[in-house]
Amino acid sequence: MREENRLETKQRVQLKRMAEPDLHQRIHGASLVISLIIAGLLTAWTVMERGLLVEARAGQASEQIAEQVLRFHVLADSDSERDQQVKMQVKSAVISYLQEEMGEKRSLSGTKEFVRTHLEEIRELAEQTVRRENSGDAVTAELVTDEFPEKTYGDVTFPEGNYEALRIRIGSGEGHNWWCCLYPNLCFTDAVCGQVVPEDKEELEGVLDEDAYEMITCTSDFRIKWFFLSKGQDGQGD
């Protein structure tokens, strides 16, 4: 009987020893899974936090851009070739007038004040141009704050947002429109093509902070996101 008890005890010890490595492996595997889950959650949180930081910086930059520029918007009566030609003639006439009357050295407040106090002259000039093109369309000119979609001018892209603008509407204003930036000056009297000249970029850089300037001169969403992520990582942000 004693011999049988010793054998049973010995078997239980052997079974216990055999089970211990399996238990250790299970504990190790469970710990590894838990560690991977925690690492995944931390990574997801970091990515989400970085994403929120990018959105916040981009939003602040967009607001700063909108506060520091004055846009010029000409709306054609329709998309017909004739109406589009009239639109471009009005654009050129008004830009020439503004550049001649205001000169090159101007401020944002000075540009807005000039436009505000000369709206009737601007409207009359636009109307005279329309009449010279043998069009009887009505013409309005006003200084407005309006929502603009993202627009690219040369190699500068302005984000969507609410901007103050000199807006000239020809007829119904339902045709494709034309726009530029009166301040800082990104308006040309000839057709829009090619890149924004370095002098105009320098003027932009002078009135915008680093985030805002980098945002409008980046050529892709990837570059914009990379810029803002880098800003957050190197500690040169706020």
Side-chain angles (χ1 to χ4, degrees), residues 51-80 83-84 86-88 90-92 94-95 98 106-120 122-123 126 130 137-188 192 196 200-201 203-205 207-225 227-228:
L52 292 174
L53 176 62
V54 168
E55 289 182 6
R57 290 189 184 280
Q60 292 172 0
S62 296
E63 291 178 2
Q64 204 255 348
I65 292 168
E67 292 172 354
Q68 296 298 324
V69 304
L70 177 65
R71 297 171 74 156
F72 178 34
H73 200 197
V74 184
L75 290 77
D77 180 52
S78 74
D79 287 337
S80 71
D83 287 340
Q84 288 296 309
V86 170
K87 174 193 72 177
M88 297 306 290
V90 168
K91 176 269 298 186
S92 296
V94 173
I95 289 175
L98 292 175
R106 42 182 149 147
S107 64
L108 175 61
S109 60
T111 302
K112 288 182 179 180
E113 181 62 21
F114 181 90
V115 170
R116 186 178 294 108
T117 56
H118 292 77
L119 273 176
E120 184 55 27
I122 294 171
R123 190 201 66 78
V130 169
D137 289 333
V139 178
T140 61
E142 53 187 340
L143 198 59
V144 300
T145 298
D146 202 358
E147 185 175 353
F148 283 78
E150 179 180 281
K151 291 285 187 178
T152 298
Y153 186 77
D155 58 348
V156 173
T157 297
F158 285 80
E160 65 177 323
N162 290 316
Y163 291 83
E164 194 165 7
L166 165 62
R167 183 169 66 193
I168 295 178
R169 184 188 301 272
I170 305 171
S172 66
E174 296 297 326
H176 277 87
N177 59 78
W178 182 93
W179 77 276
C180 74
C181 191
L182 280 181
Y183 182 87
N185 179 31
L186 294 181
C187 293
F188 303 122
V192 177
V196 174
D200 290 339
K201 279 189 175 181
E203 188 174 3
L204 271 174
E205 190 173 13
V207 300
L208 301 176
D209 65 20
E210 184 181 2
D211 278 4
Y213 181 74
E214 288 289 341
M215 184 176 185
I216 66 173
T217 54
C218 285
T219 57
S220 68
D221 289 341
F222 174 79
R223 285 188 59 190
I224 291 173
K225 291 177 181 178
F227 168 75
F228 285 116

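- Between Glu113 atom CD and Leu108 atom CG the span is 11.5 Å, to the nearest 0.5 Å.
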Residue pair Tyr163, Trp179: steps toward the side chain to side chain contact (heavy atoms under 4.5 Å, CB included) verdict: CA-CA 12 Å; Tyr163 291 83; Trp179 77 276; over 6 Å; no

Verdict with reasoning, Leu98 to Ile122, per side chain to side chain contact (heavy atoms under 4.5 Å, CB included): CA-CA 9 Å; Leu98 292 175; Ile122 294 171; 4.0 Å; yes

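- Legend: residues meeting side-chain hydrogen bond (donor to acceptor under 3.5 Å, both in side chains) with Lys151, ordered by chain and number and at least two apart, are absent.
- Residues satisfying the side-chain hydrogen bond (donor to acceptor under 3.5 Å, both in side chains) test with Glu67, not counting sequence neighbours, are none.
- Listed by chain and residue number, Glu120, Glu127 satisfy the salt bridge (charged side-chain N to carboxylate O under 4.0 Å, His left out) test with Arg123 (two or more places apart in sequence, or in another chain).
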Check: residues 73-80 side-chain donor-acceptor pairs under 3.5 Å, at least two apart:
from, atom 1, to, atom 2, distance (Å)
His73, NE2, Asn177, OD1, 3.0
Asp77, OD1, Ser172, N, 2.7
Asp77, OD1, Ser172, OG, 3.0
Ser78, OG, Ser80, N, 3.2
Ser78, OG, Ser80, OG, 3.2
Ser78, OG, Asp83, OD2, 2.4
Asp79, OD1, His176, N, 2.6
Asp79, OD1, His176, ND1, 2.7
Asp79, OD2, His176, ND1, 3.0
Ser80, OG, Asp83, N, 3.1
Ser80, OG, Asp83, OD2, 3.2

Check against side chain to side chain contact (heavy atoms under 4.5 Å, CB included), Asp137 and Val86: CA-CA 10 Å; Asp137 289 333; Val86 170; 6.0 Å; no

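- Between Ala126 and Val139 the shortest heavy-atom distance is CB-CG1, 3.7 Å.
- Atom CZ of Arg167 sits about 4.5 Å away from atom CD of Glu142, to the nearest 0.5 Å.
- Taking each heavy atom of Lys91 and Phe72 in turn, the nearest pair found is O-CE2, 4.2 Å.
- Taking 4.5 Å as the limit, some side-chain heavy atom of Phe158 sits within range of a side-chain heavy atom of Val69.
- With sequence neighbours excluded, the residues forming a side-chain contact (heavy atoms from CB on, under 4.5 Å) with Glu205 are Tyr213, listed by chain and number.
- Taking Ser109 as the reference, Ser107 meet the side-chain hydrogen bond (donor to acceptor under 3.5 Å, both in side chains) condition, with sequence neighbours excluded.
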Derivation of the side chain to side chain contact (heavy atoms under 4.5 Å, CB included) call for Leu143 and Leu70: CA-CA 10 Å; Leu143 198 59; Leu70 177 65; 3.9 Å; yes

